[in-house]
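To start, the structure under review is shown below, and the notes come after it.
Chain naming here is simple, since letters A, B, ... match the order of the sequence lines and numbering starts at 1 in each.
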Amino acid sequence: MPERVHTRFNGESRPERFPPKSVTLQDHSTPPQGKKRKRAEKLPNSPPSKPHSTNPGPNTLPHSPKNSAIVGNAPRNQANGVIPDRQLNSNGRTPSNARRDNKDMKAQYGHLIKRRDALLPARKALPIWSHAAEIKEGLRGPKDVMLLVGETGSGKSTQVPQFLLDEPWCKGCIAITQPRRVAAISLARRVAEEMGSLLGSSSPSSKVGYSVRFDNSTSPNTRIKFLTEGMLLQEMLRDPWLKQYSAVIVDEVHERSVNVDLLLGFLRNLVTGDKKGRKGMPLKVVVMSATADTESLFKFFNAGYQGRKSEHSQISNGIDRKLDRTEDSESSWSGISSSEDEKPKAKSSKITQTNGSLKLKANSNVNNSAEPAALVSKFISTCYIEGRQYPVKILYLPEPTQDFVEAALKSIFQIHYKEPLPGDVLVFLTGQDTVEALERLVNEYALGMDADVPKILALPLFAALPQSAQQKIFHPAPPKTRKIILATNIAETSVTVPGVRYVVDSGKVKIKQFRNRLGLDSLLVKPISQSAAIQRKGRAGREAPGQCYRLYTEKDYLELQPRTTPEILRCDLSHAILTMKARGVEDVVGFPFLDPPTREGLEKALLLLLQLGALSDTGEISDIGLKIAKLPLTPTLGRVLVEAADPERDCLLEIIDIISCLSVENIFLNLITEEKKEDAEVARQELYRREGDHLTLLATVQAYASEHTDRKAWAEKHYVSHRAMQNIMDVRKQLRQQCTQLKLLSQSVDMSAAPQSSQARSNNILHCLLRGFAANTARLMPDGSYRTLLGNQTVAIHPSSVLFGRKTEAIVFSEFVFTNKSYARGVSAVQLDWVGEVLASLS
DNA sequence: GAGCACTGC
């Protein structure tokens, strides 16, 4: 039986930084508008000249708050009985029809208004409500930037845009960005309800819309638009001045995605620049974060205004000199040690704040949520909103443990025996393997429990788990049963698990880090940061006071690095740089980064872009680069695609199919039992190609696409993920459209060209892959191992590859990952002289 | 003979 493991208890009550919100809105019953006609208002006779949506209205789909947090895909396009207004207008409706429409419309509007009024008391009870005047005031006059810290549950994401809507400066649209698609869509739905408006493209009069990949739902009257960060960056390609917006609200900044870092840089340039492209229209920026990192954000924006001062000395003299911007505020204060490359397992948790803290003496309490010392600027305001979080007790291990799975097992049963129901347990682990191992152990131990003890229901939760299995965490537990949710990091931000009062935190996370020198991604288990530990803890206090069992000592906690390293310091920068170049940033080293990447990382990425032909020798973006930047692909994959459009290659459609596969999750299901594995091998045999994984993917997509009766059954029969295949078809469609727009793909197939032999076609495809992945090539050595041609590193073909165990003179691979050793994933066999030709052409 | 955390255009 498990024994007591936690002896020390730390009843922590000091305010900490707060966990980020993942959006699970509690109260959105959707009006039954699906069966109604969408003619809410008498239209002026100028219907939109083109549809503003690719999807006639997801709000017409049944929707529950639960699945809003977990549905990975936006609602798929479907005909839902919505009649476009234009069609109605030209249809010559009879008077009785018109009367019925009118009645429907009134009923619908009545419903919307009723709903809006019903929601008002809940809005007024939000912590942010009493700050409305302060927030409005903070953006008036010369104040263009507001830094807003709001804890979970403060209501900032839904209320701030509504507060700003009627401000005199707000003539245009308000954009509000989110890191995830589901959040953008469900927040838009909620705000539409609160405003008594229809959502998105469902009515031309709707005031609230959203825009995410594959699903854009806005109307001509949209005033508040929720979008993913990537979508706003995409819009900036067409409109660098963001002319349709009066305000941009950047939400969840503490998550520090690469896209948010780029957005903040662009917005700083815009707001502190001359704004001449905006024709005098003001632009207000609100930066919202759940953690009190105001100081770094303040310095970041303030530096922009000070830079402006030196260029245009007539502006700005209201900046408090106490906050002396120094050159080092361009350098990182997040304490990233750049020696990571050599020793991934080195003391990465030991963090020194030497890097700039000298200049920050007075305000160096970066990790406290206490209000920082005066941050004063005539252009920047700050606002702090309290949240709604129940207290959570923290319990540490007295001694460090080597085996966090075992320690978690003990803690789970300690909680289960000691604490009364209700109160589910959420356990944070590192990956599928540890989740499944602990699941087995928990079930095993549960068999030995006395009959009078409540039962235990162990539920795994990780992204690769099928949706139906993920949904189980939302089902109420049977009577006298405690749910134990065994989760990866997915539960930290993306999925809100209800009913949790106990959190067990392993203190570890599996994290991906790009290593410039080797040009590969490492996927390693590492200690979490203090802020991640606080976020995990917060998951226990959402519904009632809770407890957090940390499977490490308090000393270990204090030695963790204060913040999670921002993604931009961990990833391959080539995509980010191309994004900047395509939006007119010439000097990427001088770009305002909140945390500047290392010079080495920037140089490595610039070199890659140069090799791809995306940049010219002088560092300017080329035509090819501009095309690649418009595609939703990494620069390498984009280059492969552009190559395929070359008349000499002539295999664009095939390459699109392959690239679509490479940009979604694994399509071949991971099977557990030996029996299933053998079945799958037999069933997939017809799909496998001896040329390697890429042509195997092509064969799979083509077989799936030519299946017209039952694609789901086809996928099951071949042990292929149907969900992945649906995503692939979406991506494929989008890429084909974009290739047509970019004039890479002509709509009519050229019939005059001689058909390629299947061999020639395969060779062409492989040549295209080589063009993008020239750096990812290796040759067979006499001892049977593979060595990369650039860099001379040993690399093994990953066992998931169809080429695993095969010997071929050279390989090209689309992924280079280090887990236990260096692996090539996504591998094709090529001729050595082809590789030589490509490499020679680059130098 | 391994086993991939999580987003996004």
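Of the candidates B/dA5, B/dG1, B/dC9, the closest approach to any side-chain atom of A/Pro632 belongs to B/dC9. Ranking B/dC6, B/dG1, B/dC9 by closeness to the A/Met231 side chain, first place goes to B/dC9. Among the nucleotides B/dA5, B/dA2, B/dT7, the one closest to any side-chain atom of A/Leu523 is B/dA5. The side chain of A/Thr488 approaches B/dC6 more closely than any other nucleotide in the set B/dC9, B/dA2, B/dC6. For A/Val212, the listed nucleotide lying nearest its side chain is B/dC9; candidates were B/dT7, B/dC9, B/dA2.
Considering only heavy atoms from C-beta on, A/Leu242 comes within 4.5 Å of A/Val248 through its side chain.
Every stem involving DNA chain B, taken as at least 3 paired positions in a row under the Watson-Crick or G-U wobble test at 3.5 Å, would be listed here, but there are none.
Nucleic acid contact class of A/Glu436 (heavy atoms, under 4.0 Å, all strands): none. Using a 4.0 Å heavy-atom distance criterion, A/Gln432 is classed as a sugar-phosphate-only contact. Using a 4.0 Å heavy-atom criterion, one finds that A/Leu233 contacts no nucleic acid atom at all. Nucleic acid contact class of A/Ile490 (heavy atoms, under 4.0 Å, all strands): sugar-phosphate only. Here A/Asn820 lies in heavy-atom contact (under 4.0 Å) with sugar-phosphate atoms only.
Taking atom CZ of A/Arg583 as the reference point, atom P of B/dC9 lies 13 Å away to the nearest angstrom. Straight-line distance from the CG atom of A/Leu263 to the C1' atom of B/dG8: 12 Å, rounded to whole Å. Counting to the nearest Å, the P atom of B/dT7 and the CD atom of A/Gln178 are 15 Å from each other. Look at CZ on A/Phe214: it is 8 Å from C1' on B/dC9, rounded to the nearest Å. The interatomic distance linking A/Phe514 (CZ) with B/dT7 (P) rounds to 22 Å, in whole Å. Between A/Glu235 atom CD and B/dG8 atom C1' the separation is 15 Å, expressed in whole Å. Nucleotide B/dC9 holds its C1' atom 13 Å from the CG atom of A/Leu578, rounded to whole Å. What separates CG of A/Leu637 from C1' of B/dG8 is a distance of 14 Å, to the nearest Å.
Here A/Lys537 does not pair with A/Asp505 in a salt bridge; the nearest charged N to carboxylate O distance is not below 4.0 Å. Ionic pairing of A/Asp595 and A/Arg256 is present here: one or more N-O contacts between side-chain nitrogen and carboxylate oxygen are shorter than 4.0 angstrom. Salt-bridge check for A/Glu643 with A/Arg639: passed, with a basic side-chain N closer than 4.0 Å to an acidic carboxylate O. Using a cutoff of 4.0 Å between basic side-chain nitrogens and carboxylate oxygens, A/Arg180 and A/Glu252 are not scored as salt-bridged. Salt-bridge check for A/Lys512 with A/Glu567: failed, with every basic side-chain N at 4.0 Å or more from each acidic carboxylate O.
With sequence neighbours left out, A/Phe816 forms a ring-ring contact (aromatic ring centres under 6.0 Å, His included) with A/Phe813.
Listed pair A/Ser257 / B/dG8 fails the phosphate criterion, with no side-chain N or O lying under 4.0 Å from OP1 or OP2. Between B/dC9 and A/Arg181, a contact under 4.0 Å exists linking OP1 or OP2 to a side-chain N or O.
Ranked by how close their nearest DNA chain B nucleotide is to the 5' end, A/Ser800 and A/Lys512 are led by A/Ser800. Residues A/Tyr823 and A/Leu631 both approach DNA chain B. Their nearest nucleotides, taken by heavy-atom distance, put A/Tyr823 toward the 5′ side.
A cation-pi arrangement is present between A/Arg515 and A/Phe818 under the rule of less than 6.0 angstrom and at most 45 degrees off the ring axis.
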